Amino acid sequence: MKGRRNDDSEDNGFAKWGGYMAAKKSKLEQQFSANPRPEADGGGIFAGVAIFVNGYTRPTAEELKQLMLRHGGTYHHYRSRATTHVIAANLPDSKVRQLKGTDRVVRPEWVAESVAAGRLLDHRDYLLCPARPCGQARLGFPPAVPAPARLASDDNFLEEFYSNSRLHHISTMGAAFKQYVGELRAAGRGSFPGLERLQAAGRHRDGDDGDDDLFGEPGSAPGDRVIMHVDMDCFFVSVGLRARPHLRGLPVAVTHARGEACPCSPGRAETRQQERECYRQRLKERLGEQASVPDDAVPGGSMSEVASCSYEARRAGVTNGMLLGAALALCPALRTMPYDFEGYQEVARALYDTVAEYTLDIEAVSCDEMFVDCTELLRRAEVTPLEFATVLRREIRERTGCTASTGLGPSPLLARLATRRAKPDGQFLLEASEAEGFLRDVAVGDLPGVGRSVASRLAARGVSTCGQLQKLSLAALQAQFGARTGLALHRHCRGVDDRELHTSGQHRRKSVSAEVNYGIRLADRGRADAFLRRLAGEVAGRLAALGLAGRSVALKLMVRAKDAPVETAKFLGHGVCDNVTRSSSLAAPVADAEAIAREVLGLARQIAAPPAEWRGVGIQVSRLEARTAPSHGLERFLAAPRGSEEPRPSTDRVVTLSQVDPSFLEALPDDVRQEVEASLARGGRDSAEELSTDMPLREAETVLREWARTQRRPEPYDIYLLADYAERLAALGRADTLLAVLRLLRECTAHKQDDAWREACQSVEDCAQETMLRVHGEELAV
DNA sequence: ATCCTCCCCTAC
DNA sequence: TAAGGTAGGGGAGGAT
């Protein structure tokens, strides 16, 4: 995932201005640096790390010293204040206690495996003495104070929450790869090296035996589709195992917690029981039956969720989504691994790039899953579906270090069902003629669109397999589930699916939202309003990145249910809640944080739930439209002498695609890259109007006008937009315009110098400087 | 009929 | 401790 605002939102998006600018600067350095990586040999991963080795270790102290020195770290012969980590293999208890801060006493594997992984792994994963989650209070000592937890009312809450939320990452990575496929298609790559390799291999083989019959079914009609479903095996675990070969073959799970028993919340088990009972009552009211609620928690066990678990763990009964405490009860040998969101991004990118060497008829489902229409590719390569699957899976394994499974069939539905049979690390072809027999024993829950709710309603009618489902009439299904859902069930359980792959990027977004249902503990109205404002800022940032505005704003609150315990069993969780949504439709589309916040504050007042009872907050903007172009673009404004609207001929030089270093394009955030590629494809002749139709540009114009005209202190948001604008100009190679922006910035606003102002100038200057060097090969004379 | 609002459900 | 997001499909029921 590119470090884009909507992924790594800072606070309300902008409060951490210094941090944002620092990050932006280092990103620019990376993007434009002539030498992309200062240490090509993989060094530098220990920059800032200083180790002291205590006692005997393997690797030995001397070897560790060499590793540190070779990879940018420091080795201390004596432990000093500057020592960041103590390396030890095992220490007597007395020694451990003597070493203050056992949170920095790390097993030697940390060093070796970081080197193997090519980056600094989280040392917390290698602690010699993993911290007791809760301090061991002893009689006579003051009670241990738990580490301060970040609440929604804290300044950096949003940033921290989003950076740790697996669901947020799953969602944004999915969107990013859908866009990536769209970009690849838009770029219209003409060559498919993978396909060419296949063709070459085929020609070679033909010469050997002259056997031409490689199409599989000789009688298959030429119009028949071959759809392949590609899905990485337990993705998060597979990525983590690359750097932890010693865990291969063991039951492993990716979780936040590490699973030590937590004796600090003795009331948790009872709380959980209360929550279960409360939940059961509500289910009873809704469904009119005595629904049973499974006991998913273990007294004293971790409430952290298993994001992904290995097949060894699954054999012991562990499933994704299970609470870690319960998973450990089923599988005491279960080993946990921390998240590695950057790693997921990298591997996913390699996965997509691998498939894209064969075809761009790809529908991205998520970061680790896609449909591929292989019809054309198989015809051109003259290989059978399973031959291609074998080649592709081997290549994915070689390029990512992770395994994928593939299912093949005449439709997305059958391809997907085939994958279930193929997993793990396998492939399976499901022919149309076999579909009916195959489906008979497929669980209804395996059909798309059949989740917990539909499955349990079907189970109430004694239906758990597709074979049983086939016996229900269309009318009966539609009566219970509605017209569309009923029809889909009726068709899918028979293997009928004529859905087209959704491969191109002509998809129109319908809503943009941000939601937090964790850590929401807002003591009073003031804090609630402040949080709503921050969340509104987050949504505004996402809208800005997409160039969209919307005419409907909705607020969703999760409110503690009447009988639910005030403190949840899961730490800072939402517990059992009522969901409430209110929306307001607007005459004019909104996109800025203030306007969204205004609506949302009004809606919150309408809902009238006491903020102290809120357990979740979400803001959604819908009925979207592209932001309208301004009357005149920023470039024209800048190009004109100040005080005049007369356009001045631009001296910007035109850049063409061949002049652009591909690695530079690659380093750009997705949306900027798309814009640049589109622009370059048009011959690099963006008119001011075209450029200005992009909303951030229009807002940047407003920023500069406002700064020039008023005494108002620049808002961080304004500066953010300006920096964004500068980056776009840099991407387009418009050094002259950047200079104009810089000049204007200095002339018009020098009287309000402060840190933000200086950083804004610096950012624009950096962009200009780099652009001059890159495009014109000249130093910038400032 | 068709639209709108407020949900619920599903998928990753 | 723990990080329970996000977009889209669709249904119920009321307004037009």
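Side-chain atoms are counted along with the backbone in the values below, which use heavy atoms only and exclude waters and symmetry mates. Lettering of chains follows the sequences in order, A, B, ..., and the numbering in each one begins at 1. What you see is a predicted model, and the numbers here were worked out from it, not measured in a lab.
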Establish, with yes or no, whether the OP1 or OP2 oxygen of [N] is under 4.0 angstrom from a side-chain nitrogen or oxygen of [X].
{"X": "S513(A)", "N": "dG5(C)", "value": "no"}
{"X": "R166(A)", "N": "dC12(B)", "value": "no"}
{"X": "T485(A)", "N": "dG11(C)", "value": "yes"}
{"X": "S366(A)", "N": "dA11(B)", "value": "no"}
{"X": "S453(A)", "N": "dC8(B)", "value": "no"}
{"X": "Y162(A)", "N": "dT6(C)", "value": "yes"}
{"X": "S511(A)", "N": "dT6(C)", "value": "no"}
{"X": "R508(A)", "N": "dG8(C)", "value": "no"}
{"X": "R582(A)", "N": "dT5(B)", "value": "no"}
{"X": "R416(A)", "N": "dC12(B)", "value": "yes"}
{"X": "K178(A)", "N": "dA7(C)", "value": "no"}
{"X": "R542(A)", "N": "dT6(C)", "value": "yes"}
{"X": "K570(A)", "N": "dA3(C)", "value": "yes"}
{"X": "H169(A)", "N": "dT6(C)", "value": "no"}

Under 4.0 Å, heavy atoms only, any strand: does [X] hit a base, just the sugar-phosphate, or nothing?
{"X": "G575(A)", "result": "base"}
{"X": "M558(A)", "result": "nothing"}
{"X": "L447(A)", "result": "sugar-phosphate"}
{"X": "I170(A)", "result": "base"}
{"X": "A483(A)", "result": "sugar-phosphate"}
{"X": "A554(A)", "result": "nothing"}
{"X": "Q620(A)", "result": "nothing"}
{"X": "G519(A)", "result": "nothing"}

The side chain of [X] is closest to which nucleotide in this list: [options]?
{"X": "K510(A)", "options": "dC8(B), dG4(C), dG8(C)", "answer": "dG8(C)"}
{"X": "A257(A)", "options": "dA2(C), dG4(C), dG8(C)", "answer": "dA2(C)"}
{"X": "S165(A)", "options": "dG10(C), dC12(B), dA3(C)", "answer": "dA3(C)"}
{"X": "S171(A)", "options": "dC12(B), dT5(B), dT6(C)", "answer": "dT6(C)"}
{"X": "T581(A)", "options": "dC7(B), dA2(C), dG4(C)", "answer": "dC7(B)"}

Nucleotide [N], atom [atom2] - distance to [atom1] of [X] in whole Å:
{"X": "H507(A)", "N": "dA7(C)", "atom1": "NE2", "atom2": "P", "result": "10 Å"}
{"X": "E305(A)", "N": "dT1(C)", "atom1": "CD", "atom2": "C1'", "result": "14 Å"}
{"X": "N164(A)", "N": "dA3(C)", "atom1": "CG", "atom2": "C1'", "result": "5 Å"}
{"X": "R509(A)", "N": "dG9(C)", "atom1": "CZ", "atom2": "P", "result": "13 Å"}
{"X": "M370(A)", "N": "dA11(B)", "atom1": "CE", "atom2": "C1'", "result": "17 Å"}
{"X": "R420(A)", "N": "dA11(B)", "atom1": "CZ", "atom2": "P", "result": "10 Å"}
{"X": "L489(A)", "N": "dG11(C)", "atom1": "CG", "atom2": "C1'", "result": "14 Å"}
{"X": "M173(A)", "N": "dA11(B)", "atom1": "CE", "atom2": "P", "result": "19 Å"}

Review point. Does V576(A) or G482(A) map to a spot on DNA chain C nearer the 5' end, using the closest nucleotide for each?
Key: V576(A)
**Study point:** Closest-nucleotide 5' rank along DNA chain C - winner of K556(A) and L324(A)
**Key:** L324(A)
Salt-bridge test for [X] and [Y]: reply yes if a basic N is under 4.0 Å from a carboxylate O, no otherwise.
{"X": "R416(A)", "Y": "E369(A)", "answer": "yes"}
{"X": "D295(A)", "Y": "R272(A)", "answer": "no"}
{"X": "R349(A)", "Y": "E346(A)", "answer": "no"}
{"X": "R491(A)", "Y": "D498(A)", "answer": "yes"}

Review point. Under the 6.0 Å and 45° cation-pi test, does R499(A) pair with F371(A)?
Key: yes
Point to revise | Geometric cation-pi criterion, R314(A) with Y311(A): 6.0 Å, 45° | key: yes
Check your understanding: Any idea how Y344(A) and Y339(A) line up, ring-wise: parallel (<30°), tilted (30 to 60°), or perpendicular (>60°)?
Key -> perpendicular
Practice item. First locate atom CD1 of I619(A), then atom OG of S513(A), and finally report the distance between them rounded to the nearest 0.5 Å. Key: 10.0 Å
Practice item. Would you mind telling me which residue lines up with the more 5' stretch of DNA chain B, D368(A) or S583(A), judged by nearest nucleotide? Key: S583(A)
